[in-house]
Structures are given as structure tokens and as C-alpha cells.
Q: 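Input: one structure, supplied below.
We number each residue from 1, following the sequence as shown. Because only heavy atoms are used, hydrogens play no part in the values below, and waters and symmetry mates are left out as well, while side chains stay in. Worth saying up front: this structure is predicted, and the values here are computed from it rather than measured.
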Amino acid sequence: MENYEIHFDICAFILYITSLIVYFSKKDTRKLQNKIFSLVLLNGLIASIADITSSVLMATGNPKFYFAVDVANYVYLIVHNALPPTFSFYVMVLIGVSKKFTRTIYTLFFAPFAVSLIGLFLNPITHAVFYYDAHHVYTHSWFFFYLYGICVVYFFAVIFAVIKFNYSISIKKAFFLIVFIVVDFASVVFQFFFPKILLELFAQAVTCLSILMTIENGEEVLNPITGLYNRRAFILENISLLETKQTYSIIIVKLLNQRYYLSTLGYRFAQELNSQVAQYFVEITNQNYVYDLDNGIFAIVLDGDAQKKCHEISDRIYEKFSQDWLFRDMSISFETQICVILVPQDIHTLENLLMLADTTDVKIENRVTIVQEEQLKYMQRRAAIENAIEKALRNNSFQVYYQPIWDCKANKIHSAEALVRLIDDEMGFISPEEFIPIAEKNGTITSIGQFVFEDACHLFTKEHLDDIGIDFIEVNLSTVQCMHKNLPQILKNTLEHYSLSSRTINLEITESAAIHHQDTFQQTMQELRNLNFTFSLDDYGTGYSNASYIFNMDFSIIKIDKSILWEADKKAFAKIILQNTVRMIKEMNLKIVVEGVETEQQKNLVASLGCDYCQGYYFSKPLPKAEFTEYCRNFNSRLKFS
């Protein structure tokens, strides 16, 4: 008669029951890793029941229970022996390695377990695993040590995988996995040397409960409204896929007017509508990798080379959203953008993927737009530029160049325009015509504008520009900056920091901005005017505006756009337009700068019309600070001025 210490097995049974109740009450049980983990829990529960049953019956010593003992023992050995490969495969799925498994790897992975099953099924004949001696004492045979051996093999396979692919999961998860596995392995070693104390299942049950409460705690990766996986889950999944170099597809669906319905229907109804849309995505994909990225953006991740399936799903979404949604007796029309991304063909990094997901700057011509290859490239380019802008602001690496402005009457360089430049480590030079509009749309233009303003103040103070004949620096003021209620105070504080007068900085505003935001500009300009700032109207002639309407805004300098000069240089009627424009501005007692002067003929034309200043490549291209200072010093040193 064998007496085993089964109290740990009883505790294991209770823990497995508890874990299963907690598991099936969870919302997040849809992914493959969740399903495999449920098998691990069921495995432990069955093993604990079988182990308790065989131990109790064996302890009675009653021969009529021998068959039942054998059955329970075989169930225990088969089920419990399945735990190492099952748990190991769970870890492989968790860290994303299983997606790289081929048929050969699967065969090799489960081969040790298959051999153990063969040995167990043949045991009634071979007695290679266990047998009963003459006194009916349960005795392990040589093959039993193989069962412990494959446990060690799977243990080291898991440890190796977690360490090698640790970048595909969080440090927290990797730490927990290793700790749990080591503790579990220690219990196996303990029971090997002390077989009468049934500690192994208890340790495994504690491990499973710990994993359930940490790694398998999916509440943090679920959207509480739609029940879909959230942005955090999307990021974690793509980290795993990208780091393990998987081939897969992503469909990103953006409901561009979702915020409109949020404000129109109210929060509760809008969220109900959002949940309805989310459920539709789950239904048509018939799988669990659907994500709610917030703000009306959804993502569907399709593993493997599933381009055909990907396009089939995107076509179904296109057809669905081309029609009105029926919601609470209302017809809902979504402006929808569908973006199909193939990995790694289209993107290589998580950063680029997230920027693509959040970028909506594609022209919407129809109710539903499928982003084409060229548009995808544009979005990628725009996203990359946004990233370059953020990086430059973070690293303080924007550069400011200065283009001299020539005084026609005094024949000297009297001022300069500060022009920001973005030179990225990866993308190289990015034209201001490309990154400035993007910065205006995403709001970073405010920080860029302040950077330029401060750089101009620093240069003026450091190089004593007034001593070499420079009266002021022109700094562009964006529309977004003027909407900032604290702008006047910010600029005032900057000037005070450098001990400068507001007269050393002239603020430039584009004509189109002044037209479309008159009320805002009037208020902001008045506050800045009270601080003695002066203003230039930039790009005059491109906005087709009423001149008197513009001039009422009290500009001191009007900058005529280069396109007018270039046309006047070639066509007689354009020259008449330029002449009359100059005459009108001069009659209003405003100063005139003509932009785009590139030849001596253009310079002479501008001077003959009585313009005050010229700016253009004829004098100089925009220059870095040191070159600009040297240029002005050399140019103006030929003159005598007070």
C-alpha cells in the first residue's frame, strides 16, 4: 500500500477550479494564446483529479480498486505529460514565434511528446513506464525518466525562446514568464527526488493562476465601449509581428466624420453606433484580430500572406460603407477611408505604421475612399515628415537661415527674413513648402515659430546686427500662432530675455491668413501693436483680396509676391499691373518689398518704380547665420551710414 501526501493536489484542484472560473468570466478569451492557456488550465484540473483519485484508491490497498488505480494513473500520466508541450506552445504563441513554425518545426516540436504517448500506450505490455512489484507496490521503470527528460527539454526550449525573442513582448511579461517557469521546474525536480510529496501540480497551479492575473489579464488591452482590442493591444501585436519578421496584412478603416456624429447624437448614442460598427468588423472577418484605435479608426490584422482575403474584406467594407447605416431609425452616412497595408512591403517599423494609422490627409472625393498606392506613399511621406518635425523639435535641430533684404535707396542690406530649414538625418533636406503646411495642420507650427523667433533674437544680440546696418529681422507669424492667446506675452518675454526692443523684429503675415482670419488677427495684432511690434503683409497679390480691406489692418510693409515681378519681367500688361500696384501702395505711405529679384534687370525695374526694398537670389540666397553675418558685414562696410 502506497501513502502519498495529497494535500498539495487538493490545493491544486481548488486553484485550477478558481482559475477556470476567472478565465471564463474574462472578456478577453478570443486569441489563440487565450485558447491554449485554457487547455493548460483544463489539463491541470484533469491531472489533479486523476492524481488524487489514484493516490486515494492506492492508499486503500483494496485489490478491487487496482483497475481504477491504473486507469486514473494512465489518465494522469497522459494528461500531465501533455502539459510541457502545451505550455511551451502557449509561450511560443505569446511571443509570436509560432507564426514562423513550418510543418517540419511543428513535427520536431511535438515529437518528444508523441514518443512519450507511444511509451505510455505500450506500457501494459512493456512495463517501461511503471509496474507493480510482487507486493503490488507502484514502481517507476526506465522510461519514466524519459518523461522527466522531455520536461527538461521543453523547459530549456521555452527559456531560450523567451530570452532570444524578448523584444517581441514587454520586459514585465518576459520577467514573469521566466520566474514562473523556473519555479515550476524547481517543483518538478523536487518531486523527482521526493515522489511521495505531490507538490508538482500545486506549483503549476500557482504558476497558472499567476499568469492568469498578470500576462493573461486582458482588461488593459480591451476597449471598454466596443469590446475590441485597443490601441495598446494593436501596438503589442505589431511589435511581436514586426520583430519576428512576419508577413501579414492590415486593413485600417477611418470614419472621418465620427466626431460630427459624436457632437450631433451625443456621447451615449455615438458610442452605441461605434459598437455597432465594431461588431460588423468582427462578423465579416470571422476572426479575433480587430482593433479599435479610437477616434473612429479601426484596424484588422490578417496573419500570413493573405492578400486575396485582405482585398476581399476591404471590398466588403467598401460596399457596406458606400450605403447608409440604419441606426435607431436614422440613416448614418460615414465618410470613410480604407487603407490596405502589406507588411513588410509597405512599412517596416511600428512608428511608420502608427503614423499611417493616424494620418487622414488624403483628398476625399467620394463617400468611401480606398487609399491607392500613390496615396499610401503620400501618407507615408507625410507621416515621415511629421516624425521628422517632432524629432527636430525634440532635439532642437531646426536650422534658421537668413535672406538679406536690400535697401534700394541706401544701397545696403537693411534687414533679413528668417527662414526655417529642416534637415533630417534619414530624409535629408525637406522643403519648407512641404513641411510648413503639415506643421500648420498638426499644430507644431507654434513651436517652430517660437524657435525661429528666439533664434532671430539670439542672432541679433550675439552678432550686434544693428552695428553692421541691420535694422530688423522679419519673422513669419503663422495663423495657428495668432490663435494662441498667450502669443503676445510669449514674444514679449523672449525679447526681454535677450534685452531687445520690439522694433528689432518685424512680424510677417501671409495675405491669405489675414483674409480668412480677420477677427482673430485684428485682436492679436492689436495686442502685439501695443507692444510696438510692426507688421509686414507677405505674398501680396496671390490672395485676390480687396486691397483696402487688407490695408485697414495697419501693416507697415507690403511684400509683393515674386510671381507678379516675374510676369512683369516678361509681359507688358503684367508690368502695368506691377506699376499700378506699387503706385497704390506708395500712395498709402507704406513701404514695399519686392520678392524674387534674381537678375539685374529685375533689380533695376524694381528700383525705377520707386520700391523701397528688394529680396531675392540676385543679392543672396538664404544663408546660415555665420555666412549671413559675414555677408552683411562685407556688403555694408563699403558704405558710410550712421
Q: Side chains of Asn238 and Tyr248: any donor to acceptor distance under 3.5 Å?
A: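 There is such a pair between these side chains.
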Q: Less than 6.0 angstrom separating the ring centers of Phe109 and Phe101, yes or no?
A: yes
Q: Is it the case that the side chains of Glu272 and Gln276 hold a donor-acceptor pair, with the cut-off being a distance below 3.5 Å and no angle test?
A: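 Gln276 vs Glu272: no donor-acceptor pair found between side chains.
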Q: Shortest non-hydrogen contact from Pro344 to Gln246?
A: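 Shortest heavy-atom contact: CD-O, 4.3 Å.
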Q: Do Leu242 and Val343 have side chains that get closer than 4.5 Å, going by heavy atoms?
A: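 With C-beta onward as the side chain, the pair touches.
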Q: Taking all heavy atoms of Tyr154 and all of Phe113, pick out the closest pair and write down the distance.
A: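 That closest heavy-atom pairing would be OH-N, 3.6 Å.
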Q: Rounded at 0.5 Å granularity, tell me how far CZ in Phe190 sits from CD in Glu200.
A: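 Answer for the CZ-CD pair, Phe190 versus Glu200, is 11.5 Å.
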Q: Identify, with sequence neighbours excluded, every residue that meets ring pair (Phe, Tyr, Trp, His ring centres under 6.0 Å) alongside Phe121.
A: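 Not a single residue meets the ring pair (Phe, Tyr, Trp, His ring centres under 6.0 Å) criterion with Phe121.
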Q: Measure the CG-CG distance between Leu94 and Leu236 for me, rounded to the nearest 0.5 Å.
A: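 If we round to the nearest 0.5 Å, Leu94:CG and Leu236:CG are 10.0 Å apart.
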Q: Rounded at 0.5 Å granularity, tell me how far CG in Leu302 sits from NE2 in His311.
A: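 Answer for the CG-NE2 pair, Leu302 versus His311, is 10.5 Å.
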Q: Cut-off 3.5 Å, side chains only: do Asp292 and Thr226 have a donor facing an acceptor?
A: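 Looking only at side-chain atoms, Thr226 and Asp292 do form a donor-acceptor pair, the distance falling under 3.5 Å.
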Q: Can you list the residues that meet the ring pair (Phe, Tyr, Trp, His ring centres under 6.0 Å) rule with Phe130, with sequence neighbours excluded?
A: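 Applying ring pair (Phe, Tyr, Trp, His ring centres under 6.0 Å) to Phe130 gives Tyr74, Tyr138.
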Q: Is there a side-chain contact between Asp9 and Ile49 (heavy atoms, below 4.5 Å)?
A: no
Q: State, to 0.1 Å, how close Phe37 and Cys208 come at their nearest heavy-atom pair, and which atoms those are.
A: CZ-O, 3.3 Å
Q: Please walk me through it: do Arg382 and Lys441 pass side chain to side chain contact (heavy atoms under 4.5 Å, CB included)?
A: CA-CA 11 Å; Arg382 186 185 189 280; Lys441 287 183 179 180; 3.8 Å; yes
Q: Is the side chain of Ser187 donor-acceptor paired with the backbone N or O of Asp184 at a distance under 3.5 Å, no angle test?
A: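 Yes, because the side chain of Ser187 sits within donor-acceptor range (under 3.5 Å) of the backbone of Asp184.
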Q: Go through it in stages, so that I can follow the logic: the residues are Asp294 and Asn223, the test is side chain to side chain contact (heavy atoms under 4.5 Å, CB included), and I'd like the CA-CA distance, side-chain angles, deciding distance and then a yes or no.
A: CA-CA 9 Å; Asp294 298 327; Asn223 183 293; 3.5 Å; yes
Q: Any sub-3.5 Å donor-acceptor pair from Asn395's side-chain atoms to Ser397's backbone N or O?
A: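 Checked: no pair found.
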Q: Starting at CD1 of Ile181, measure out to OG1 of Thr207 and round the result to the nearest 0.5 Å.
A: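 The distance works out to 9.0 Å.
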Q: Answer yes or no: is there a side-chain heavy-atom contact under 4.5 Å between Leu256 and Thr336?
A: no
Q: Angle between ring planes, Phe334 versus Trp325, binned at 30° and 60°: parallel, tilted or perpendicular?
A: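 Perpendicular, since the angle between the ring planes exceeds 60°.
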Q: Can you pull out every side chain to side chain donor-acceptor pair (under 3.5 Å) where at least one residue sits in residues 84-98? Sequence neighbours excluded, please.
A: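 Side chain to side chain donor-acceptor pair (under 3.5 Å) check on residues 84-98 returns Tyr90-Glu216.
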Q: Is it true that a side-chain atom of Thr126 and a backbone atom of Ala128 form a donor plus acceptor pair closer than 3.5 Å?
A: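 Such a contact is found between Thr126 side chain and Ala128 backbone.
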Q: Who pairs with Ile235 by side-chain contact (heavy atoms from CB on, under 4.5 Å), at least two apart in sequence or on another chain?
A: Arg231, Ile239, Leu350, Leu354
Q: Below 4.5 Å, heavy atoms only, C-beta onward: do Val152 and Phe156 meet side chain to side chain?
A: yes
Q: Surrounding CZ of Arg394 (heavy atoms of other residues, nucleotides or ligands, distance under 6.0 Å), is the total greater than 12?
A: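 Correct, the count exceeds 12.
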Q: Any sub-3.5 Å donor-acceptor pair from Tyr146's side-chain atoms to Pro112's backbone N or O?
A: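 Judged by distance alone, yes, a pair lies under 3.5 Å.
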Q: A quick test of your reading: do over 12 heavy atoms of other residues, nucleotides or ligands sit less than 6.0 Å from NZ of Lys391?
A: yes
Q: Are the side chain of Asp346 and the backbone of Ile341 linked by a donor-acceptor contact shorter than 3.5 Å?
A: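 No.
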Q: Between Ser54 and Asn73, is any side-chain donor less than 3.5 angstrom from a side-chain acceptor?
A: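 Note: Ser54 and Asn73 side chains miss the donor-acceptor criterion.
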Q: Would you call Val253 and Ile297 a side-chain contact if the rule is heavy atoms closer than 4.5 Å?
A: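 They are not in side-chain contact.
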Q: Do you know which two heavy atoms are closest between Ile225 and Ser275, and how far apart they sit?
A: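 Closest approach of Ile225 to Ser275: O-OG, 3.2 Å.
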Q: Check this for me: His7, atom NE2, are more than 12 non-hydrogen atoms of other residues, nucleotides or ligands nearer than 6.0 Å?
A: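 No - once you tally the heavy atoms of other residues, nucleotides and ligands closer than 6.0 Å, there are 12 at most.
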Q: Got a second to check how far His140's NE2 is from Tyr131's OH, nearest 0.5 Å?
A: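 The distance works out to 10.5 Å.
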Q: Within the structure provided, determine whether Leu241 and Val301 are in side-chain contact (heavy-atom separation under 4.5 Å).
A: yes
Q: Going by the rule side chain to side chain donor-acceptor pair (under 3.5 Å), which residues pair with Asp51 if we only count those two or more places apart in sequence or in a different chain?
A: none
Q: In the structure I gave you, are the side-chain heavy atoms of Tyr291 and Glu237 within less than 4.5 Å of one another anywhere?
A: yes
Q: List the atom of Tyr23, the atom of Asn34, and the distance in Å for their closest heavy-atom pair.
A: OH-O, 2.8 Å
Q: Less than 4.5 Å apart, any side-chain heavy atom of Phe298 and any of Leu228?
A: yes
Q: Suppose the criterion is salt bridge (charged side-chain N to carboxylate O under 4.0 Å, His left out): which pairs have a residue in residues 310-321, not counting sequence neighbours?
A: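 Found none.
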Q: Mind listing the closest non-hydrogen atom pair of Ala50 and Val75 along with its distance?
A: CB-CG1, 3.9 Å
Q: Can you confirm if the aromatic rings of Phe145 and Tyr148 lie within a centre distance of less than 6.0 Å?
A: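 No; Phe145 has its ring centre 6.0 Å or more from that of Tyr148.
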Q: Decide side chain to side chain contact (heavy atoms under 4.5 Å, CB included) for Ile338 and Phe321; before the verdict, give the C-alpha distance in whole Å, the side-chain angles of both, and the deciding distance to 0.1 Å.
A: CA-CA 10 Å; Ile338 304 170; Phe321 284 88; 5.8 Å; no
